[in-house]
Amino acid sequence: METELKDLKSQPSQQPPPPLQPTVTNDDVPLLKNSETHHSRNSSNSNSNSNVSGDNLDELEKKFAAYVRHDVYGTMGRGELPLGEKFLLGIALVTLVPVRVVLATTLLVLYYLICRICTLFSAPNREEEEEEDGQEDYAHMGGWKRTVIVQCGRSLSRAMLFVFGFYWIKETYRIPDSTAQRKEESEEPERPGAIISNHVSYLDILYHMHSSFPSFVAKRSVGKLPLVGIISKCLGCVYVQRESKSSDFKGVSGVVTERVREAYQNKFAPMMMLFPEGTTTNGDYLLPFKTGAFLSTVPVRPVILRYPYRRFSPAWDSISGVRHVIYLLCQFVNHLEVVRLPIYCPSQQEKDDPKLYASNVRRLMASEGNLIMSDIGLPEKRVYHAALNGNNSLPSVLHRKDD
């Protein structure tokens, strides 16, 4: 469930180049592949109409470094694997993967049944009752039913991570010097309105569900998915229509702002979980933050996620979803490290300027998480994916981005 929050209020200072339309990734499209030299191109597809030189590939990876994979599986997960890795994959495919698929499916169905039973005779909370596809959720439901949904959700999310190979999760609570001084000068109560996190993979969702069971921003289609749809409503997800330019975006921004303020003022209200980058990276970079997450001007809690790896990177950057899940399930052990920072209380200047607020939180997270700040975003990610899929206009794209 990939969550993305659009910056609905402020306009970007620089106009990004018009995105190319990405093509669907499958085994029949050309690709650029990392090998031991890291810059060799996959030429096994005889139907490829793309002819990307090594110089263009170097330039491509420099411009879109935040989305480049560096594990042994290569770009798009189709690199030439060593013999030992192929052997381990073969063993995992016939032994580990079937067991994990059965266990993960069981956990998902179990939690679906719990959510379905607990909401059977309850009416959802509606933000826009006049619209058929308006916001609705069960996150504001109280009593023992809500307790069951939350506690089971947190426990089963951790169990799901365990099934995926995350047997241990290293969590660190860090207090930067600047934050300690800010805390002494601030009289704000110790409750954030939202959790702010970098976005690396769909696995981020499972961790945050286990950690605090917050509400997310999700595509509207998620609410209609089998099994997952009712779970997303129990989480209290705020649904957005991706690529929509209608006034609905403004309404969603208002819903998010209200929910963040509600969580800050009411300890029984569901917490909001926001990924202000708007898309996933390879985990080494931090993209510019959308200011929509900071329009409420209330305190937030920054959380930094890292996925250390030796063979396969759990980052969901330039690899298809199906291929990523298969490779993830083939890894005997996966690793997750979490750095939790203190609640960030904005100054009056930051409250008056959400862009400054977002920028300062981003700088703090980059510093404490050893992340590289990048100035690219979702449009550039689409350009990179289009290039990997063999778009013939790659040279013109590279020149256009230099202009």
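Each residue takes its place number in the sequence, starting with 1. FYI, side chains are in, hydrogens and waters are out, and symmetry mates aren't considered; it's all heavy atoms of this structure.
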Peer 1: So which atom in Y285 and which in A65 form the shortest heavy-atom distance, rounded to 0.1 Å?
Peer 2: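 For Y285 versus A65, the nearest heavy atoms are OH-CB, 3.3 Å.
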Peer 1: Taking R306 for its side chain and L371 for its backbone only, find out whether a donor-acceptor pair lies under 3.5 Å.
Peer 2: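 No: the side chain of R306 does not pair with the backbone of L371.
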Peer 1: Verify, without hydrogens or angle tests, whether H385 (side chain) and D317 (backbone) share a donor-acceptor contact under 3.5 angstrom.
Peer 2: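 Present.
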Peer 1: Where the side chain of T95 meets the backbone of I91, is there a donor-acceptor pair that is under 3.5 Å apart?
Peer 2: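 Checked: pair present.
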Peer 1: Would you confirm whether K381, through its side chain, and T280, through its main-chain N or O, come within 3.5 Å as a donor-acceptor pair?
Peer 2: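 Yes; at least one donor-acceptor contact below 3.5 Å.
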Peer 1: For E368, does its backbone N or O pair with a side-chain atom of R174 as donor and acceptor, under 3.5 Å?
Peer 2: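 Here the side-chain-to-backbone pair exists.
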Peer 1: Under 3.5 Å, is there a donor-acceptor pair linking the side chains of D204 and Y307?
Peer 2: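 Looking only at side-chain atoms, Y307 and D204 do form a donor-acceptor pair, the distance falling under 3.5 Å.
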Peer 1: If we only count heavy atoms from C-beta on, is the V222 to K219 side-chain gap below 4.5 Å?
Peer 2: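 Yes; the side chains approach each other to less than 4.5 Å.
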Peer 1: For atom CZ of F87, decide whether the heavy atoms of other residues, nucleotides or ligands shown that lie under 6.0 angstrom number more than 12.
Peer 2: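 For F87, atom CZ is not crowded (no more than 12 foreign heavy atoms under 6.0 Å).
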Peer 1: Just by distance, no angles: are the side chains of Y111 and S157 close enough, under 3.5 Å, to form a donor-acceptor pair?
Peer 2: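 No pair is found: no donor N or O on one side chain lies under 3.5 Å from an acceptor on the other.
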Peer 1: Relative to each other, are the rings of F64 and Y384 parallel, tilted or perpendicular (30° and 60° limits)?
Peer 2: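 Answer is tilted, since the angle falls between 30° and 60°.
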Peer 1: How many angstroms lie between CG in L286 and CG in N370, if you round to the nearest 0.5 Å?
Peer 2: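 Result: 12.0 Å between the selected atoms.
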Peer 1: Quiz question: by atom type and distance under 3.5 Å, do the side chains of R340 and S211 form a donor-acceptor pair?
Peer 2: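 There is such a pair between these side chains.
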Peer 1: Please indicate whether Y167 has more than 12 foreign heavy atoms, meaning atoms of other residues, nucleotides or ligands, lying under 6.0 Å from its OH.
Peer 2: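 Counting other residues, nucleotides and ligands, OH of Y167 exceeds 12 neighbours.
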Peer 1: Looking only at side chains, do Y67 and E380 share a donor and an acceptor under 3.5 Å apart?
Peer 2: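 Checked: Y67/E380 side chains show no N/O donor-acceptor pair below 3.5 Å.
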Peer 1: Mind telling me whether Y357 and F294 have parallel, tilted or perpendicular rings, with 30° and 60° as the class edges?
Peer 2: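 Because their plane-to-plane angle is over 60°, the rings of F294 and Y357 count as perpendicular.
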Peer 1: Is the backbone of T281 close enough, under 3.5 Å, to the side chain of H199 for a donor and an acceptor to pair up by distance?
Peer 2: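 Checked: no pair found.
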Peer 1: Check the orientation of F275 and F216. Use parallel for under 30°, tilted for 30 to 60°, and perpendicular for over 60°.
Peer 2: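 Correct class here is parallel.
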Peer 1: Would you call K86 and E80 a salt bridge, taking side-chain N to carboxylate O under 4.0 Å as the test?
Peer 2: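 Answer for the salt bridge query: yes.
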